[in-house]
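In what follows, chains carry the letters A, B, and so on, assigned in the order in which the sequence lines appear, proteins first and then strands, with residues in each chain numbered from 1.
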Protein chains: 2
Amino acid sequence: MANITDVAKLAGVSHQTVSRVLNDATVRPATKARVDAAIRELNYRPSSAARALVTRKSNAIGLIATGAPLYGPSSTMLAFNEAARAAGYQVTIASMTSVDREAMVSAVEVLLGQRVEALVLIVADVAAFDAIAGLEIGVPLITAESSGREGFLSVSIDQFAGARLAVRHLIELGHRNILHVKGPDWSVDAAERERGWRAELEASGLPVAPPLVGTWLADSGYAIGAELTRTGAVGVRGATAIFSANDQMAIGLLHALADAGLRVPGDASVVGFDDIPESVHYSPPLTTVRQDFADLGARMMETLLQVLDGRQPLEPAQATPELILRASTAPAIPLPNREVNA
Amino acid sequence: MANITDVAKLAGVSHQTVSRVLNDATVRPATKARVDAAIRELNYRPSSAARALVTRKSNAIGLIATGAPLYGPSSTMLAFNEAARAAGYQVTIASMTSVDREAMVSAVEVLLGQRVEALVLIVADVAAFDAIAGLEIGVPLITAESSGREGFLSVSIDQFAGARLAVRHLIELGHRNILHVKGPDWSVDAAERERGWRAELEASGLPVAPPLVGTWLADSGYAIGAELTRTGAVGVRGATAIFSANDQMAIGLLHALADAGLRVPGDASVVGFDDIPESVHYSPPLTTVRQDFADLGARMMETLLQVLDGRQPLEPAQATPELILRASTAPAIPLPNREVNA
DNA sequence: TCACGAAATGTGATCGATCACATTGCATGC
DNA sequence: GCATGCAATGTGATCGATCACATTTCGTGA
């Protein structure tokens, strides 16, 4: 592949003049035209490695992605990448299946070797935080999570508030026994949603049963739902509402409830979280909490730009999610004997 | 950040010796220990830019992702990235919302500036092919698509065979009027699935109605389903089966059919494509065609490695997808008057 | 003890861009 | 006609690694 000297020779100018053409410095139109022609003829593209070496700016951002191809992380990642591109940054990804400390360290190591100017952590995983906290990374790290830890930049959607919205809606419908199907224990977002559920129940003086821990995947929602119906924990003599920490587990729940002959929302109301594009087509359509992941990704990049420009990042305005009402929730039917059994 | 000379000075050796330690050349254990200590003390990480400059190997692969965060592409991307990491390659992404020629050119331009050793195109988009075909990229390009074009490496899952499996299953159940909800016109995979549907119908001498074009998203499946039930094109006097080009559109279809009071599979059978984790929890659980995206991503990297090593890539063994039978398909009930109306 | 070859280490050039600074070209004013 | 100033262009150093080659160190056998 041609280099800047080849271009200069062909155009009959010095390499510096070619550099000026590349960087929009003042060059006489006639000269610029000759250089441009040479560039096209040689199919020349400046080497970003050489450029990064001397300017000490890589224009690259490292993105650490973990785990499964879930809707939220994937959306955030794409949106972030889009925003980064618009700002003139390249994104290099380091994905990992398991989130042990070793994998995290090696991912960070490789990215820092690339002299990325910042790190982005897409999945808020408590292990990931601990792993990174022990490293001297020397560049800003931004994450999409809710419980602002010291030392990390964070842009987030208010999971706590979202969960409260969902649970309050159920309480307002008259539900008094509201279960929670939680995301995995390692997830910061799952913890926040649980906290919101718990806070809202406690604020209303309602009982708080231990949350049921799932995997984010529909299968776990189904397994939990099957167990709940088997033991009768949900339905006529049990809970009349379930708040699921994401839509995928909610569809598993709906399936299990249907299998057990329970009607939604007749026998139990179900609320999800995320508003994935399919949730409006669930059977029944799912009441859920909408998160704007595209906006999240864009805001992450915005905040990052502020820090990279040496400005203090603005107060991390947490976006508030929105409750989307659909057919999976309905008023609880007050049964005279429920109070006794609860 | 420290460089190799700083480390050399601190360890009391030459920069070349440090380089040897980094590259596992022969260094006396005592010397190596001193160098390692200096590296740790300075928190030194070799600059991949400087390394790339002199070795003329970037160890980077450019990945071009387009469009929405769909399950298949996301899974493939993660799997590919994982495989690349295992092989010692970094992946740089260039995503784009629209797939016009200009966006594609600029994405390729940026990646080639990074001196990526290969390009990976995740979403097989006919416009993407045309856009890239016009560029002299000078590095191997691999794509996950089915209809092998000249000049592109391709690893794929046999969409054509998968579609035939699905349609043959419907035919064997006695269905004679089988509609197809197709993916977007720009999608190579969508075209292959349509071709499979068409081939199987023609092989059995069954009528081929024009396919209904969706967007891959559930909403489009719902809209198509609503229109089909409104006009009576599906149901008692119309089609008794629908082959949807992906699972998301299938859930939209199921929703629309349920809204119209049609039972699945009683009044119409539905088959999807992809086997996303939720499809077993649809109502009813969806018969679908399973694709192993993780395997696809890994095989893409494998093929790429062969080419990068100068070997001829092995015959691109197309993986064959697998039909997953679930409750959304059942034998057609032969109606005496159906033949007349068909 | 010394020569010898292999192992270990050091020296200077190099990759391809930008930066800092030097030089040339050209129009303007006196 | 010539000094002046600005615009345009050129020259050499630089970034941080590896490569090619030179040199030193070390262990071994005569």
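B/N81 is not listed as a side-chain neighbour of B/Q90, based on a closest heavy-atom distance of 4.5 Å or more. With contacts defined as side-chain heavy-atom distances shorter than 4.5 Å, the pair B/F152/B/I132 qualifies. Side-chain contact between A/K32 and A/T17: absent, with no pair of heavy atoms (C-beta onward) separated by less than 4.5 Å.
The phosphate of C/dC15 (OP1 or OP2) has no side-chain N or O of B/R56 nearer than 4.0 angstrom. Regarding contacts with the backbone of C/dC19, every side-chain N or O of A/T55 stays at 4.0 angstrom or more from both OP1 and OP2. Under 4.0 angstrom from either OP1 or OP2 of D/dG10 there lies at least one side-chain N or O belonging to A/T17. Considering only side-chain N and O atoms, A/R28 lies under 4.0 angstrom from the phosphate OP1 or OP2 of D/dT9.
Nearest to the side chain of B/S19, among C/dA17, D/dT18, D/dC26, sits D/dT18. Among the nucleotides D/dT18, C/dG16, C/dA17, the one closest to the side chain of A/L53 is C/dG16. In the set C/dG16, D/dT18, D/dG16, the nucleotide with an atom closest to the side chain of B/L22 is D/dT18. The nucleotide whose nearest atom lies closest to any side-chain atom of B/V27 is, among D/dG16, D/dG10, C/dT9, C/dT9. The side chain of B/S14 sits closest to C/dT11 out of C/dA17, C/dT11, D/dT18. Picking from D/dA17, D/dA8, C/dT9 the nucleotide with the shortest atom distance to the side chain of B/S47 gives D/dA17. Listed candidates were D/dA17, C/dG16, D/dG10. Nearest to the side chain of A/N3 is C/dG16. Of the candidate nucleotides C/dT18, C/dA20, C/dG16, C/dA20 has the atom lying nearest to any side-chain atom of A/Q16. Comparing atom distances between the B/I4 side chain and each of D/dT9, D/dA17, C/dG10 picks out D/dA17 as nearest. Each of C/dC15, D/dT11, D/dT18 was ranked by its minimum atom distance to the side chain of A/H15; first place goes to D/dT11.
Atom CG in A/N23 sits about 15 Å away from atom P in D/dT9, given to the nearest Å. Distance A/R115 CZ to C/dA17 P: 20 Å, rounded to the nearest Å. Atom-to-atom, CZ of A/R34 to P of D/dG10 comes out at 9 Å; the value is rounded to the nearest Å. Whole-Å rounding puts the B/Q114 CD to C/dG16 P distance at 16 Å. Whole-Å rounding puts the A/D6 CG to C/dC15 P distance at 11 Å. Rounded to an integer number of Å, the gap from CZ of B/R51 to C1' of C/dG16 is 18 Å.
Each of B/V54 and B/P29 was assigned the nucleotide of DNA chain C with the nearest heavy atom; the assignment lying further toward the 5' end belongs to B/P29.
Proximity of a side-chain donor or acceptor of B/R34 to a complementary backbone N or O of B/A11 within less than 3.5 Å is detected.
For the pair B/R299 and B/E302, the salt-bridge criterion is not met [side-chain N within less than 4.0 Å of a carboxylate O]. A salt bridge is absent between B/D36 and B/R40; no separation between the charged side-chain nitrogens and carboxylate oxygens falls under 4.0 Å.
At the heavy-atom level, B/T31 lies under 4.0 Å from the strands shown only through sugar-phosphate atoms.
If you check distances only, the side chain of B/R20 does reach the base of C/dG10 with a donor-acceptor pair under 3.5 Å.
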